[in-house]
Amino acid sequence: MEELKPKSLNFLEEIVQDDLASGKYSKGILTRFPPEPNGYLHIGHAKSICLNFGLAQRFGGGTNLRFDDTNPVTEETEYVESIKKDVSWLGFTWANEVYTSDYFEDLYQFAEKLITLSFAYVDDSTAAEIAAQKGTPTTPGQNSPFRNRSVEENLALFRDMKAGKYADGDKVLRAKIDMAHANMHMRDPLMYRIRHVKHHRSGDKWCIYPMYDFAHGQSDSIEEITHSICTLEFDVHRPLYDWFLDKLGIFPSHQYEFARLNLSHTVMSKRKLLQLVNEKVVSGWDDPRMPTISGLRRRGFTPASIRNFCERIGVAKRDNLIDLSLLEFCIREDLNKSADRVMAVLDPIKLVITNYPADKTEDLQIENNPEAEVITKRSVPFSNELYIERDDFMIDPPKKFFRLGVGLQVRLKGAYIVTCTDFKTDAAGNVTEVHAEYIPESKSGQDTSGVSVKGTIHWVSVAHALEAEVRNFDRLLIVEDASELGDDFMKFINPESLQIVPKVYVEPGLKAAKEGQALQFIRKGYYSLDADSTADKLVFNRTVTLKDTWAKEKAK
RNA sequence: UGACCUAUGGUGUAAUGGUAACACACCAGUUUUUGGUUCUGGUUUUCUAGGUUCGAGUCCUGGUAGGUCAACCA
């Protein structure tokens, strides 16, 4: 069936569509996702991943996973593995797994070619001198005294650099462009620096390493990437990207830029995330409060929910701050359809059903998910003593309180309607026990009582309950926008971003729960079994709360 | 005060010179054995001043505001 109105294209899709229509790329398109393996992927990377892989999927092309490993000081194989895991987990398959370090020889040859063409020279200046020569955005730079060395001298020097005859920082290779250029990146940018450091893949083979600007575009070109998509801060690099490809006369890949994702109530920069880890504000890169892919995974987010989120946020070139509530909506939308419902009492108080036999247990059949296409049921034991939530009882219930209070009636989910008759308190006046009578004819599914109630509450049988730990997570920061906080963001950490409830009661069937399994704790939220769980002790992470309109009503 | 990028409801994103719309959020109601879900309705939008045009959110010019760039990082 034809769609009546095709979904509008984003600006990148339009570019690809136009390029394909004009016959520019007869072999189809090829994109790439090029992380530097020096840290863990976060939700901002997910946007880029969905964009790159999504573009290729939509227009019948491929996507390379390229590790941009030109700086051996910061890169490690450990990160390569985590990145591959995260991309796969998100549901994408790359056409080729490639490494910029695979192109070191090609890049070296490119560099010699530019030297031969008098487009590059070896500079003996120190880093400080080069910085001083560079000028400022409003004042032109000065030519380096080494700028006019002969091709032969440059070639010899560069070969000596490669051969390891110089120490780190002694010399660099620079492109000869224009020290007065309005674009700072065109003021004789560095192409190679000396680093006597072991590389995670090439080992000690090289002691000179290409800079990003001399590696990225050429890598794109070598792979014949048609559309090289990156974030806006690389916009000013594009003239240089094009300059190198043009002077080298190699495959003309094209770079396009989009605005990176900013998410409210969190930070996204690698440096700040690292700070959170190092200062032990969080337990690690996969702490469920982190916006990392591994953190979101542990928190209970599904790949589909993240892909859907990336689809919904769209893509453009203006700065943006996406509200966390959209991410929450996406995971609720997914889990509402897929997560089984179970009962867990987080803040327990005992409910005694005084007219139910103390020696009796019933195994009630309760549906797992009312939203599922095929309804399945599970068995839940019911007895005369139950745990219910403390806030499901009030001594002086206000109007529209559809829960328990003396004289009020509720249905116990999947069981009977009960009428609250009494309660007990301790010396301090705290409620310790609630008493109720059940209506035998009101059994769920075969109710002939004729009684109708407004409220339904969840419960767990005291005798059968399983103990568990619950970790309730909330937004990392108490401020929406951390962009102008700088390092002060640490002062705005939400003190309630993690609340551990060491002892909750859950229904006994949860003993069979599997790590990562998503569950809805009825009326409480979506939870997922954490890896910290043991046979004796289950640990559940709260992925997200349910929407709570009663809380809003109460607040009024 | 140089170059470049950007400006549409509270937040995002569409509208490709021809009725400003979709989602989230928010509000009201509906449904509901989850105060969840569903469904319905509602509030709230083109930075500014000129210009081109029969017609401008869209094109042009100026202004304003925000962002990016001066690592031997990527």
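Throughout, a chain's letter reflects where its sequence line sits, starting with A, and its residues are numbered from 1. Predicted, not measured: the structure shown is a model, and the values here were computed from it.
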Select base, sugar-phosphate, or nothing to describe what A/V315 touches, counting heavy atoms under 4.0 Å on all strands.
-> sugar-phosphate
Base, sugar-phosphate alone, or nothing: which one does A/I522 contact when heavy atoms must sit under 4.0 Å apart?
-> base
Side chains of A/H216 and A/R32: do they bring a donor and an acceptor to under 3.5 Å?
-> yes
Side chains of A/E371 and A/N369: do they bring a donor and an acceptor to under 3.5 Å?
-> no
Report yes or no: is there a donor-acceptor pair, N or O only, under 3.5 Å between the side chain of A/T456 and the base of B/rU34?
-> no
So which protein nitrogen or oxygen atoms get under 3.5 Å of nucleotides 42-46 of chain B's nitrogens or oxygens?
none

If the sugar-phosphate is the primed atoms plus P, OP1 and OP2 and the base is the rest, what is the B/S/- string for nucleotides 57-74 of chain B, using protein heavy atoms under 4.0 Å?
-> ----------SSSB-BSB
Protein proximity profile, nucleotides 25-32 of chain B - base contact B, sugar-phosphate-only contact S, no contact -, cut-off 4.0 Å on heavy atoms = SSSS----
Taking side-chain contact (heavy atoms from CB on, under 4.5 Å) as the test, write out the residues that go with A/S442, two or more places apart.
-> A/R411, A/Y416, A/I417, A/I439, A/D447, A/S449
Using a strict 4.0 Å threshold on nitrogen-to-oxygen distance, state whether A/R312 and A/E333 make a salt bridge.
-> yes
Charged N to carboxylate O below 4.0 Å: is that the case for A/R66 and A/D220?
-> yes
Residues pairing under salt bridge (charged side-chain N to carboxylate O under 4.0 Å, His left out) where one sits in residues 315-325 of chain A, two or more places apart or in two chains, turn out to be A/E257-A/K317
Assign the ring pair A/Y108 / A/W206 to parallel, tilted or perpendicular, where the plane angle (0 to 90°) is split at 30° and 60°.
-> tilted
Phosphate contact (B/rU8 OP1 or OP2) by A/R318 side-chain N/O below 4.0 Å = yes
Distance below 4.0 Å between A/R523 side-chain N/O and B/rG35 OP1 or OP2 | yes
So what does the secondary structure string of RNA chain B come out as, 5' to 3', with Watson-Crick or wobble pairs under 3.5 angstrom, [ ] for crossing and | for pairs with another strand?
-> .((((((..((((....[..)))).((((.........))))....(((((..]....))))))))))).....
Starting at CD of A/E373 and ending at P of B/rU38, how long is that distance when rounded to a whole Å?
-> 15 Å
